[in-house]
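Structure first, then comments.
Both ligands and their constituent atoms are indexed starting at 1 by order of listing.
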Amino acid sequence: MSGNSVRLQAITDVEAYVPPAVSFDVNETPGEIYGENVFNKEVMLKRLPKSVYKSVMSTIEHGATLDPLVADAVASAMKDWALEKGATHYAHVFYPLTGLTAEKHDSFFEPVSDGSALAEFAGKTLVQGEPDASSFPNGGLRNTFEARGYTGWDVTSPAYVLENPNGNTLCIPTVFVSMTGEALDHRTPLLRSQKAMGEQAERILKMFGHENLNHVVSFCGPEQEYFLVDRHFFLARPDLLNAGRTLFGAKPPKGQEFDDHYFGAIPERVLGFMMDTERELFKLGIPAKTRHNEVAPGQFEIAPMFERGNIAADHQQLLMTTFKTIAKKHGMECLFHEKPFQGVNGSGKHVNFSLGNNELGSLFVPGDNPHDNAQFLVFCAAVIRAVHLYGGLLRASVASASNDHRLGANEAPPAIISIFLGDQLADIFDQIAKGSLKTSKGRGTMKIGVDTLPVLPTDPGDRNRTSPFAFTGNRFEFRAPGSLQTVAAPMVTINTIMADSLDYCANELDAAVAKGTDFDEAVQALLTQIITEHGDVVFNGDGYSAEWPIEAKKRGLLNLKTTLDALPELISEPAMALFEKYKVFNRREMHSRYEIGLEQYILTIGVEARLTLEMGATVVLPAAVRYQTELAANVAALGAAGVEADKGSLTEVSGPIADLKKALATLKDALAADTGHEALGEAEHARDSLLPAMSAVRAAADVLEEIVADDLWPLPTYQEMLYML
Ligand code: ADP
Ligand code: MG
């Protein structure tokens, strides 16, 4: 066969593919399996001595330090439970700064002198591990001579058993820190930031008369978008396989609308995949409900029920791993990249967040009396202030080479961080702002907590899809996070900037009351002041319009289009002071995150550039040249037969071949260029030289895709990948 065989073979294989039969009892109810593989409260209540159970609970609920004796008792019960579930190994699971999940596996069984093996698992093994940290990025935090990192059990996140055909593993969620206690992971700052935010929120709540509060935490409900493609196509595309996105691919022919389907028509194998994933997630105690409402063909979404931030972050990572594994089982590949297909809707991971606790529910729910509404408005005002002051940090928290394809490219949402409040809430803040201007009484100005407020929105029907940060009735939705990212980084930022804003609000209210101002009036004054100073961040219009960037600039809002524009926000003085103040990051940790951000950016684009060069030179160009040769042979044969040959087609293909060769040469030079040894210089080179050079290669290749004979074209096309499921 000729060089076209890979693609044509893939098509044949896809057509012949028979999805696996359902491998479980379809009549089983979710209740039977929910949390089956989780060492949760119920299991602990059953298996732990009462005093031990109480002690663990007080660590979970109130952050009390864990007693080593308690750890021993828990470890022993956990081991027995895991062995009964067929576990042979245990693993400390952590989230290094690559954004992936890492696990260090150890066997439960240790050989003993009589030649048998004994299951060992002591409290100190549960509580602490020492994986070799040298292969994880640390951004200068760790010298090579202290390559060790430590993992430590996060008691608030339940352990679970992960099933695998080759044996089950007890997974223990842990933090990952350096010798000196500095964070090498995403979980450590998340726990720290949650604490900081909770303390400040509780100050405000006390002022509003709440006594004996349970801890306030942040809740997170992540909506995950993803694509599914047949694995035969996936394996025939080195770009998908190695970079997670297509680096070549012409748009499907005209008239092929991308948004003409999705509702109703879920391919059967996708349904099978969804049922399977849902079941696995249920077993792991992940409250998921798969859905199918995304814009692009082949694109889907899942939104698990919201949970405490750090648990949602764990579950989110676990969900991605589960999806990858189960998609393979169904002959598909799950793509989490933000932009797998150019010109086709990308994927995000909306982070729905609220503050609250089990008693109070969400603090972003308007109450049914003016007093509660005043409290609600203070929390909303704190968000407005936080996003206005630290929009750049929010942008930096979701900065990556892959997410730039969405944020910088006028696609959901824009890189300018603004807030959408919805008509009603915006109107209320408008009135509050004006109220401060009109001081005369009797003109209907609103007094928070005294006059009756207008009915507040409970579920605003208007959903502004273009806003990066939207109020959605009982929560805010941060829409900028990318589908590939962990929700931990944006949650850390949201928690910390909220800690700062709530701290500010509490201080202002304290000071006013101390001066003898009536509390309601102090609240009114605070709201007026915040909306006056920070109202510019509120934008209810179309975030994609050409006018918005101009207007945003006038308002002084940042428009950080690329990762390299956004990352320096992390090491700006106000940011470092902020994170230091709330003990979320010290300055070294901030610098390390900045360095790792650059490093990841350079690595990502470097891989893509080398792949583009290789595929352009060894896959696309040879196909085009073959076709050119065929045409040339045809012209020659016709000439020999005395027939006037039409050379148009030959010219048509020769032009883009020349363009492709030229673009490949430019890319090769750019890859070979000496960029010095400074990370920032290298990253700028990636953005300013490699990316444009890659685009030029792709442009020529995509023209060729539309000219070269279909049977010679080597790469599965967009149409095939997106529609053949
Ligand atoms: P939509 O598509 O309208 O944005 P979805 O139903 O897709 O809404 O997703 C909503 C997400 O928000 C879910 O994960 C849900 O659990 C979460 N959510 C709902 N209420 C809250 C809340 N109070 N705090 C945090 N997340 C919430
Ligand atoms: Mg949403």
Interfacing atoms of ligand 1 (cut-off 4.0 Å, heavy-atom, Glu301): 7 (O)
Numbered atoms and elements of ligand 1 in range of Gly221, under 4.0 angstrom, heavy atoms: 14 (O), 26 (N)
Within 6.0 angstrom of Glu32 CD, more than 12 heavy atoms from elsewhere: yes
Pro304 N/O under 3.5 Å from ligand 1 N/O: yes
Phe306, any N or O under 3.5 Å of ligand 1 N or O: yes
Sequence-distant partners of Tyr582, ring-ring contact (aromatic ring centres under 6.0 Å, His included), two or more places apart: none
Nearest-0.5 Å distance that lies between atom CZ in Phe429 and atom CG in Leu377: 5.0 Å
Straight-line distance of Leu191 CG to Asp154 CG, nearest 0.5 Å: 4.5 Å
Selection residues 315-327 - residue pairs positive for salt bridge (Lys or Arg N to Asp or Glu O under 4.0 Å), sequence neighbours left out: Lys324-Glu333
Proximity to ligand 1 by part of Glu477, non-hydrogen separation under 4.0 Å: side chain
Nearest candidate to atom 24 (N) of ligand 1, where distance is taken over non-hydrogen atoms, out of Gly361, Ser354, Cys220: Ser354
